[in-house]
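Have a look at the structure below, then the notes.
Small disclaimer: the values here were computed from a predicted structure and weren't measured. The sequence lines fix the lettering, A, B, ..., with proteins before strands; numbering per chain opens at 1.
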2 protein chains.
Amino acid sequence: MYISTKTEYAVRALAELALSSNNKPVSITEICEKQSLPRKYVEQLFRKLKQNGLVVSTHGALGGYSLAESVDSISLRNIMDAVDESYVKSFCNREYRTLHHCKGLPCGFHELWDEIKEHLNDYFESIKLDQIIARL
Amino acid sequence: MYISTKTEYAVRALAELALSSNNKPVSITEICEKQSLPRKYVEQLFRKLKQNGLVVSTHGALGGYSLAESVDSISLRNIMDAVDESYVKSFCNREYRTLHHCKGLPCGFHELWDEIKEHLNDYFESIKLDQIIARL
DNA sequence: GAGATAACCTATAAAAATAGTAGGAATTGG
DNA sequence: CCAATTCCTACTATTTTTATAGGTTATCTC
């Protein structure tokens, strides 16, 4: 139960983007220099962020990324979902855990895991990018 | 952000223990047969559970484990803490992430991660073993 | 158009964490 | 003594995560 560095990096990068953008796209190079993050890795994260509609990109020189939505509508959950697809996994239905499953699905634990999953989803949904930026 | 199989196994095993114990110790072999869990792995988990005061053990034949506390005072957090020591990690202070730390500690993100950590701790603390058993 | 800078894409490597196995020692009840 | 059990340590295998590498395509400036 921890927050992945993917998520950490994405949050830091998006916060940096929100702050250094003056309605102009910001390049990954710039973001990563300011936040001292690994460029090539963050590139990959941004492509996922784009696929999930959190940022938009412009090509070429002077290009870069911009937020697709306002900072008060981008949630931590959005970010986690985008960058760390399986950030809340529930078990019993994870195929690769085939050996020691609770048998007789659906088992009585499903409900518990699902409830936890929902709680976490709601919680992370409630944390928006503007609140994160606000305390920097 | 997911719950480890360590935690899943420990929860299932402790629930099984609580249910099949008639004030007598239950062996790991029995627990694992009923829940179809890998015995040797669960053994290791139980030693951690013991170290953390969640169960007590009796040696020898007819030995096994018993809950050290009542089912309404053992929380999911207790279990996670015991079995999955670093279940809530907060960053910036994780030494092995030395390369791409936010610089100038403490950075503005600390507060966020710590708040999340606390929330999760409180939430998992609120889920007790008796509630888990109740819906089986 | 040339050159620079950027997103975009895929593959691979390196590192870390997780899950699981193995073999035996110590303890206790029958 | 024998069987069942906890207890302990080490090792192996697998999976996931993090990071790097090398290149392609698009766009801006000159």
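- With sequence neighbours excluded, no residue forms a salt bridge (charged side-chain N to carboxylate O under 4.0 Å, His left out) with B/E118.
- Taking atom CD1 of residue B/I3 and atom C1' of nucleotide C/dT18, one finds them 16 Å apart after rounding to whole Å.
- To the nearest angstrom, C1' of D/dC8 lies 15 Å from CG of B/L45.
- Applying the side chain to side chain contact (heavy atoms under 4.5 Å, CB included) test between A/L129 and each of A/L76, A/L17, A/I74 identifies A/I74 as the sole match.
- Near DNA chain D, defined here as any heavy-atom distance below 4.0 Å, there are no residues from residues 13-21 of chain B.
- Distance B/D84 CG to C/dT18 C1': 9 Å, rounded to the nearest Å.
- A/D130 meets the side-chain contact (heavy atoms from CB on, under 4.5 Å) test with A/V71, A/D72, A/K128; sequence neighbours excluded.
- Considering only side-chain N and O atoms, B/S4 lies nowhere under 4.0 angstrom from the phosphate OP1 or OP2 of C/dA17.
- Among the nucleotides C/dA7, C/dG20, D/dC8, the one closest to any side-chain atom of B/Y9 is C/dG20.
- Screening residues 52-61 of chain B for side-chain hydrogen bond (donor to acceptor under 3.5 Å, both in side chains), with sequence neighbours left out, gives B/K50-B/S57.
- A close approach under 4.0 Å does occur between a side-chain nitrogen or oxygen of A/K50 and OP1 or OP2 of C/dC8.
- B/D84 is linked by a salt bridge (charged side-chain N to carboxylate O under 4.0 Å, His left out) to nothing, counting only residues two or more places apart in sequence or in another chain.
- Each of A/E43 and B/R39 has a nearest nucleotide on DNA chain D; the 5'-most of these lies closest to B/R39.
- Judged by distance alone, with hydrogens and angles left aside, the side-chain atoms of B/S36 form no donor-acceptor pair with the main-chain N or O of B/E33 at under 3.5 Å.
- With D/dT5, D/dC7, C/dC8 as the candidates, the nucleotide lying closest to the side chain of B/K40 is D/dC7.
- Among residue pairs with one or both ends in residues 19-32 of chain B, those qualifying as side-chain hydrogen bond (donor to acceptor under 3.5 Å, both in side chains) are B/E30-B/K34; sequence neighbours excluded.
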Expected rows: protein N/O vs nucleotides 28-30 of chain C N/O, under 3.5 Å:
from: C/dT28; atom 1: O2; to: B/A61; atom 2: N; distance (Å): 3.3

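- The side-chain hydrogen bond (donor to acceptor under 3.5 Å, both in side chains) check on B/S66 picks up nothing, with sequence neighbours excluded.
- Straight-line distance from the CD atom of A/E30 to the P atom of C/dA7: 10 Å, rounded to whole Å.
- Summarising the geometry, the separation between CZ on A/R47 and P on D/dT25 is reported as 15 Å, rounded to the nearest angstrom.
- Considering only side-chain N and O atoms, A/Y2 lies nowhere under 4.0 angstrom from the phosphate OP1 or OP2 of C/dT18.
- The side chain of B/K6 approaches C/dA19 more closely than any other nucleotide in the set C/dT21, C/dA19, C/dC8.
- Side chain of A/P38, nearest nucleotide from D/dA19, C/dC8, D/dC7: D/dA19.
- In terms of the side-chain contact (heavy atoms from CB on, under 4.5 Å) criterion, residue partners of B/I28 (sequence neighbours excluded) are, by chain and number, B/C32, B/R39, B/V42, B/E43, B/F46, B/Y65.
- In terms of the salt bridge (charged side-chain N to carboxylate O under 4.0 Å, His left out) criterion, residue partners of B/E85 (sequence neighbours excluded) are, by chain and number, B/K48.
- Look at CG on A/L54: it is 16 Å from P on C/dA7, rounded to the nearest Å.
- The side chain of B/S27 lies closest to D/dT5 when the candidates are D/dT18, D/dT5, C/dT10.
- A donor-acceptor pair is defined here as one N or O able to donate and one able to accept, closer than 3.5 Å; such a pair exists between the side chain of B/N78 and the backbone of B/S75.
- Here D/dC7 is the nucleotide among D/dC7, D/dT5, C/dC8 with the atom lying nearest to any side-chain atom of B/S57.
- Taking atom NZ of B/K48 as the reference point, atom P of C/dG20 lies 14 Å away to the nearest angstrom.
- Listed by chain and number, the residues in a salt bridge (charged side-chain N to carboxylate O under 4.0 Å, His left out) with B/R47 amount to none (sequence neighbours excluded).
- The residue B/F46 sits apart from the nucleic acid: no heavy atom pair falls under 4.0 Å.
- In this structure, B/I31 places its CD1 atom 11 Å from P of D/dT5, rounding to the nearest Å.
- Each of C/dC8, C/dT18, C/dA6 was ranked by its minimum atom distance to the side chain of B/Y41; first place goes to C/dT18.
- Taking side-chain N and O atoms only, B/T5 has a distance below 4.0 Å to OP1 or OP2 of C/dA19.
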Dump the pairs, protein N or O against N or O of nucleotides 11-13 of chain D, anything under 3.5 Å, distances to one decimal.
none

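- A salt bridge links A/R12 with A/E8: the closest approach of a Lys/Arg side-chain nitrogen to an acidic carboxylate oxygen falls below 4.0 angstrom.
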